[in-house]
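Just so it is clear: chains get the letters A, B, ... in the order the sequence lines come, proteins before strands, and each one is counted from 1.
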Protein chains: 4
Amino acid sequence: MDYVYGPGKNHLFVPGPVNIPEPVLRAMNRNNEDYRSPAIPAMTKTLLEDVKKIFKTTTGTPFLIPTTGTGAWESALTNTLSPGDRTVSFLIGQFSLLWIDQQQRLNFNVDVVESEWGQGANLDILAEKLAADHSHTIKAICIVHNETATGVTNNLATVRKLLDHYRHPALLLVDGVSSICALDFRMDEWGVDVALTGSQKALSLPTGLGIVCASPKALEASKSAKSVRVFFDWNDYLKFYKLGTFWPYTPSIQLLYGLRAALDLIFEEGLDSVIARHTRMGKATRLAVEAWGLKNCTQKEEWYSDTVTAVLVPPYIDSAEIVKRAWKRYNMSLGLGLNKVAGKVFRIGHLGNLNELQLLGCLAGVEMILKDVGYPVKLGSGVAAACAYLQNNIPMIPSRI
Amino acid sequence: MDYVYGPGKNHLFVPGPVNIPEPVLRAMNRNNEDYRSPAIPAMTKTLLEDVKKIFKTTTGTPFLIPTTGTGAWESALTNTLSPGDRTVSFLIGQFSLLWIDQQQRLNFNVDVVESEWGQGANLDILAEKLAADHSHTIKAICIVHNETATGVTNNLATVRKLLDHYRHPALLLVDGVSSICALDFRMDEWGVDVALTGSQKALSLPTGLGIVCASPKALEASKSAKSVRVFFDWNDYLKFYKLGTFWPYTPSIQLLYGLRAALDLIFEEGLDSVIARHTRMGKATRLAVEAWGLKNCTQKEEWYSDTVTAVLVPPYIDSAEIVKRAWKRYNMSLGLGLNKVAGKVFRIGHLGNLNELQLLGCLAGVEMILKDVGYPVKLGSGVAAACAYLQNNIPMIPSRI
Amino acid sequence: MDYVYGPGKNHLFVPGPVNIPEPVLRAMNRNNEDYRSPAIPAMTKTLLEDVKKIFKTTTGTPFLIPTTGTGAWESALTNTLSPGDRTVSFLIGQFSLLWIDQQQRLNFNVDVVESEWGQGANLDILAEKLAADHSHTIKAICIVHNETATGVTNNLATVRKLLDHYRHPALLLVDGVSSICALDFRMDEWGVDVALTGSQKALSLPTGLGIVCASPKALEASKSAKSVRVFFDWNDYLKFYKLGTFWPYTPSIQLLYGLRAALDLIFEEGLDSVIARHTRMGKATRLAVEAWGLKNCTQKEEWYSDTVTAVLVPPYIDSAEIVKRAWKRYNMSLGLGLNKVAGKVFRIGHLGNLNELQLLGCLAGVEMILKDVGYPVKLGSGVAAACAYLQNNIPMIPSRI
Amino acid sequence: MDYVYGPGKNHLFVPGPVNIPEPVLRAMNRNNEDYRSPAIPAMTKTLLEDVKKIFKTTTGTPFLIPTTGTGAWESALTNTLSPGDRTVSFLIGQFSLLWIDQQQRLNFNVDVVESEWGQGANLDILAEKLAADHSHTIKAICIVHNETATGVTNNLATVRKLLDHYRHPALLLVDGVSSICALDFRMDEWGVDVALTGSQKALSLPTGLGIVCASPKALEASKSAKSVRVFFDWNDYLKFYKLGTFWPYTPSIQLLYGLRAALDLIFEEGLDSVIARHTRMGKATRLAVEAWGLKNCTQKEEWYSDTVTAVLVPPYIDSAEIVKRAWKRYNMSLGLGLNKVAGKVFRIGHLGNLNELQLLGCLAGVEMILKDVGYPVKLGSGVAAACAYLQNNIPMIPSRI
């Protein structure tokens, strides 16, 4: 009756799309509506106001674009830059690579700062480039906050400090796809000019909304940016914002109601509690990996990601086989190693609407799979390590009676 | 927005109501329909035919009654017995107790065979009673196949053997509420006269359908049974079965579509595979309990239940506190100890649409709770024991591409 | 993919089960939950309090029973009466007939007051019987508020007046299945002792809840009532009400959340507005019937029902053919004529969550069907008559922005 | 509990987003899934194959892009044309205007052929332009098959004839947003090079999929087209089609399952039956408009649209008031007049999953609203006219038992 089926719940541990909370599924279980009626604009107004909170901005202008993260990238770039503009961009994994590819295809002059996969953005080189750029040829720093392919979180506060130190006016464009609403992110405090995420990540919705937030400086830049854009043009939105009808083209009614429910849940739990929960999940996962005697793809603690862990497997194991087994035997979805780390890592996504017992089920499953593929894991060891930490750190659920 | 809320999925491990599969939720997500249209009878016909398969009967007549297990009990009794009739009934836990209470209130002459809670029905005493009952005053043997309060499975094959051995014509009425569709159950082979279950148990639907199946002998008995009954009267159903409209009063459209979907899923997995999965879940749970150094409320292996495990806690721990913590800190629902075993046992339900990784998440959670309440559990020990068994025994999922 | 399918929405105009509002469908789209957790009792408490409002009682005690209307009848009777008790009961159509049949099978001494189908309860005869009953042999008056088979509403205020006039202590038991929450119903004011309805009627939920409300006098009667009952016994509920856990057996989690949502919608619209809407629907339907040149099965205006209209067809037409055509050609579900009026009437149910344009679509459909089966209807005539009335009477929707 | 609420169903008669069938809502009521598992590509393969059928193409290559119609336009243009390329484009209403605006902003040299709003594309002028264009400076003809703002359907067969007659190699790019899957559309027969639609139109899904189909000639053109594009680039899709993983970026899992269900329903009804149903709906609506004594915005019968009817109101009425009343009093959503026809027309969308009785309810509602706003309509007249036609033309529903 369904396309494929296995008994029980699918254990979804890819780093996106992630598990949707039941209240959000309920909110989206509805017929279409006329988006030009008074109801949709009234709701949209609350969404635009509330979505700023997850960016921690009061001065930013959000755009809810019917697209994916790739489209959100394009929106960030084409509204703020002109062909030929120099960007500094950090290649540290598959998603930063794809964004750089996009920047190149959009005809920017991309100054690529490459690191080994598993390392964070090389900010020393950024410092050098900023120091050397007296004539301000660098128009934008493009950085992925959390590289989903390797589980590396970059230090945005340092990026801002460097820009300030060198009094450099470059725009700071941040891919927050697998960070915003899960990791500590501060748009205003860190002077981020464009930040973006996708609905299917920490917001725990279906795919379909690229959420982009622009600082006043970015909006100003959009007035002179010469990149060709229509579908992704912020001006069309701004025009309709003024009219109070908000939508230059048909939005997904279901995703709007879903976003409303998702934000309500996040605020009910508390954004800081949501972030603390992700911190716990990341820590617990890493403790399990260590207990298994495996290495984290991320080379230093400062870069550890609390939304996704890329686990290195020994050379005699194909990590793709682990992902395949997870799906065919345990009804679990893990993340593949991509590109340079294909076959070498598998990834555990631990972002979005998830709790600790779900993660522990996943970790137990990974242990069995490791055994399946011939790795001499001590069964229960990872779960034991994670439990020892979690048992001391999980708070009571605040919204329970 | 919801009545209560905790992040992530609720871990539902009470022995009913159990987890509903997503395809079943989808099937039930619908408006009402006219149950007198040609569509509902056409579907009902397939349901009545297919539901017999989960009872393993070809000669039985099933009734889908808009009620709960308690109502299904009443249907079984009042259609086959007359006030004053002698029944032999086994008191081994809270649910057999409640059924006996019902039998008494319905004015039967209940011959109660009591065992210590944690033991199975005393079939030696049954043998004695049958041997002594030359005049066939015993009209029915009423037995709970699986006592949900203590996790005890009774041996129905032996009951049948005894009846056959003594050539006793008593009806065999079986409460299969927490067994049918999860444990090995054979209505025809074991000569069960009335078997019953509820939709919210192994069928993994919402509460609302009492499913009763009557042997030809039971149907015959219903012709002379003098117990007063209207709502639960089989004759009203039989009248409408003949008409081909099937329903003496309004059924729940949603539950009918849900039952259709539930049966489809069970047959897709294979009923024997479903039962084998329950066997695995039961075994894995007991291995964990053993690893924790705790005792099973069930006193002998022959009675171990594969749908629910009642775990005895040390005297210095209140098992209700475990259930409370599970809910307030871990978003998990465990079963309370009821009546005589209140405070002494907590119960892990492992029936219905569930897979191994879900159970392992539950077991990891129980370990943390045990630590929370001061029991010196070795974290990870239960999960390790369960994994060691499961890793060797879980089959590939057959319906995957 | 579905059991049967026709393009567009099914037009559901049977007098139950009725259309479920989308917000209620959403509320019910959920997994099972542990009904023994703190959440379900907390919600149940609000339900029991709020459900009294639709009965217009402050002193009644409500019971939410997992059953249908037939079971609710049985609950009302067996908890208040003893075998052999004399009831006065009015036979005016199929549902009052079935209730009388139940009363007889439950061994009451039923004093049947029969009227022609299409007429209301003969209250003159009731007056005579009360006047003659000096020794108070009549233990209960059993009356259907709205006979769904013929579209006849009885005058309960008059029944109360008669009882008061003759100072007769008989209980007043009312079937409000197709009236409560749609027609003017006043439990306390009219001194109703037991009132009952089903979830699939004006409450616009799926089938599955029999909602019974007992006056203090009825509760008192239950203490001495000798009818055998277990599943329907109020005492089991009262015991759990005191404990604050509320449920003697497993409720349908989905129906509880659905009832919460249904009550919220009713109170948001306003119970009196809901009733006024039904008044409009009834009136509009009758105007259409008149414009078609057809007769209402209900013989006098004082009995006209605002929840269902039974339309008499000319002798040369089989009303069953109308219902069949509605379904096969227009994706519409109309009510059949039942028993004595089979083939002679078809029924338009206009109760529950429904608005005027839905009804007008139905009326237009009926016109086409009448033409299909050879009745010389003037197409558009019924709709014109209904519109002329509605256009002057529909209020603005209060809950719109 | 919901954002706004009115009793009963909302009557959704805007020309998009349209009513979603219940089976499609059910199919989409699901958690996210890993789109890199074997299941999603296996399903995607069937979608890409089946979606070609609604375009009536065997040689085209479809793209399912997470975007809206505006994005689908951009995909069609940027993949086939280079900046400066001359397009011939017809301005006949708001949506053709917006497409032309996009073409201009994408730096094409747009040769605009303007007609009065209410008329179709001026194909005589096209003929002249083609005749004069010996050097083939025209690179593409861009034409909206059905202009949603005015209810005008253009004759694509004639466009193809003209191109053939003048042996002109220009690409034929067709906006089929409010036509494909509802009106007669033949991609291969008419030599359409790019055709596109959106999921929220005749496919009756939520917004979120731009469905674009490219002829072999269009694919060839994409190899040399120099328009900058990344998110909308067909090459990224084609690369993943070859890999068999299909998705260059995360699709909406829910929309894929929804599309599968939508296509299944369409094929079950039969695409030709679906189109015939739209023909009936259009005809019935126009008969009602005529009966009301109002004019169709569409000036000639040859351009009448079977998916949307724009109704001209007398000068003393503001059509926006009609739309507002529909929503606030009748829970109905009608289409506003846009831009040049604002205040002058209101629109009845009659596309997608809709049946005749739904339309008749809408027409009855419009009659009451016309009366509300002071137009001397004869109530029932439009419904009568529509019924007279429909009663002779509606077929039996084929998929009923």
Side-chain angles (χ1 to χ4, degrees), chain A residues 3-4 9-10 12 14 16-20 25 28-40 42-43 66-71 73-74 83 101-102 105-107 198 200 204 206-208 227-233 248-255 257 260 323 327 333-336, chain D residues 3-4 9-10 12 14 16-20 25 28-40 42-43 66-71 73-74 83 101-102 105-107 198 200 204 206-208 227-233 248-255 257 260 323 327 333-336:
Chain A
Y3 212 78
V4 294
K9 297 271 176 209
N10 173 256
L12 184 61
V14 294
V18 306
N19 294 286
I20 305 174
L25 284 177
M28 291 189 304
N29 179 36
R30 64 175 64 235
N31 194 13
N32 281 326
E33 271 184 45
D34 177 19
Y35 71 101
R36 289 194 177 97
S37 86
I40 298 300
M43 181 170 61
T67 188
T68 67
T70 306
W73 282 344
E74 191 159 330
D101 173 64
Q102 186 186 67
R105 287 160 69 184
L106 291 170
N107 297 320
Q200 81 279 19
S204 303
T207 309
S227 292
V228 171
R229 61 197 182 270
V230 182
F231 182 74
F232 291 117
D233 199 334
Y249 25 77
T250 318
S252 162
I253 299 300
Q254 291 73 17
L255 282 173
Y257 280 96
R260 183 65 270 157
V323 174
W327 195 73
S333 296
L334 297 173
L336 283 164
Chain D
Y3 212 79
V4 295
K9 298 269 177 211
N10 172 255
L12 184 60
V14 294
V18 307
N19 294 286
I20 306 173
L25 284 178
M28 291 189 304
N29 180 36
R30 67 174 64 234
N31 194 14
N32 281 326
E33 272 185 44
D34 178 18
Y35 72 101
R36 289 194 176 96
S37 85
I40 298 298
M43 180 170 62
T67 189
T68 68
T70 305
W73 281 344
E74 192 160 327
D101 173 65
Q102 187 186 65
R105 288 161 69 185
L106 291 171
N107 297 319
Q200 82 278 20
S204 303
T207 309
S227 292
V228 171
R229 60 195 183 273
V230 182
F231 182 73
F232 292 117
D233 199 335
Y249 24 78
T250 319
S252 162
I253 298 300
Q254 291 73 17
L255 281 172
Y257 280 96
R260 181 66 269 158
V323 174
W327 195 72
S333 296
L334 297 172
L336 282 164

TODO: Find the one option among A:Val18, A:Thr207, A:Val228 whose heavy-atom pairs under 4.5 Å with chain D are most numerous.
DONE: A:Thr207
Task: Heavy-atom proximity to chain D below 4.5 Å, by part of A:Pro251 - done: backbone
- [ ] Please look at A:Leu255 and chain D and tell me whether the side chain, the backbone, both or neither of the residue comes under 4.5 angstrom of a heavy atom of that chain.
- [x] neither
Open item on the list: Between D:Lys9, D:Met28, D:Arg30, who has the most heavy-atom pairs with chain A when the cutoff is under 4.5 Å?
Closed with: D:Arg30
TODO: For residues A:Leu25 and A:Ile20, determine if any side-chain heavy atom of one lies less than 4.5 Å from a side-chain heavy atom of the other.
DONE: yes
Open item on the list: Can you tell me which of D:Val230, D:Thr250, D:Asn107, D:Asn29 forms the most heavy-atom pairs within a distance under 4.5 Å of chain A?
Closed with: D:Val230
Task: Most contacts with chain A, counted as non-hydrogen pairs under 4.5 angstrom, among D:Leu334, D:Asn10, D:Leu12 - done: D:Leu12
TODO: Can you tell which part of D:Ile40 gets under 4.5 Å to a heavy atom of chain A, answering side chain, backbone, both or neither?
DONE: neither
TODO: Sort A:Arg36 into side chain, backbone, both or neither according to what part of it lies under 4.5 angstrom from a heavy atom of chain D.
DONE: side chain
Open item on the list: Heavy-atom cut-off 4.5 Å, strictly under: side chain, backbone, both or neither for D:Leu106 against chain A?
Closed with: both
Open item on the list: Below 4.5 Å, heavy-atom pairs only: which of A:Asp34, A:Asp233, A:Val14 has the largest tally toward chain D?
Closed with: A:Asp34
Task: Option that, when pairs with chain A are counted at under 4.5 Å, heavy atom only, ranks first among D:Pro17, D:Gly16, D:Gly208, D:Gly71 - done: D:Pro17
Open item on the list: Quick one: does any side-chain atom of D:Gln102 pair with a main-chain N or O of D:Thr70 as donor and acceptor, under 3.5 Å?
Closed with: yes
- [ ] Measure D:Pro248 against the heavy atoms of chain A and call it side chain, backbone, both or neither at under 4.5 Å.
- [x] neither
- [ ] For residues A:Thr67 and A:Phe232, determine if any side-chain heavy atom of one lies less than 4.5 Å from a side-chain heavy atom of the other.
- [x] yes
TODO: Answer with side chain, backbone, both or neither: which region of D:Asp101 has an atom nearer than 4.5 Å to a non-hydrogen atom of chain A?
DONE: neither
TODO: Output the option from A:Ala42, A:Gly198, A:Ser227 having the highest count of non-hydrogen pairs under 4.5 Å with chain D.
DONE: A:Ala42
Task: Part of A:Val323 lying under 4.5 Å from any heavy atom of chain D - done: neither
Open item on the list: Side chains of D:Asn31 and A:Asn19 only: does a donor on one sit below 3.5 Å from an acceptor on the other?
Closed with: yes
- [ ] Quick one: list whatever passes side chain to side chain contact (heavy atoms under 4.5 Å, CB included) with D:Pro66, sequence neighbours left out.
- [x] A:Thr68, D:Phe231, D:Tyr237, D:Tyr249
Open item on the list: Taking side chain as everything from C-beta outward and backbone as N, CA, C, O, which of these in D:Gln254 sits under 4.5 Å from a heavy atom of chain A? Side chain, backbone, both or neither.
Closed with: side chain
- [ ] Name the region of D:Arg229, side chain, backbone, both or neither, that has any atom closer than 4.5 Å to a heavy atom of chain A.
- [x] backbone
- [ ] Measure distances from D:Met43 to the heavy atoms of chain A and classify the residue's part below 4.5 Å as side chain, backbone, both or neither.
- [x] both
- [ ] For A:Val4, check side chain to side chain contact (heavy atoms under 4.5 Å, CB included) against everything at least two apart and list the hits.
- [x] A:Trp327, B:Arg400, B:Ile401, D:Ala39
Open item on the list: Using heavy-atom distances under 4.5 Å, tell me whether A:Glu74 contacts chain D through its side chain, its backbone, both, or neither.
Closed with: side chain
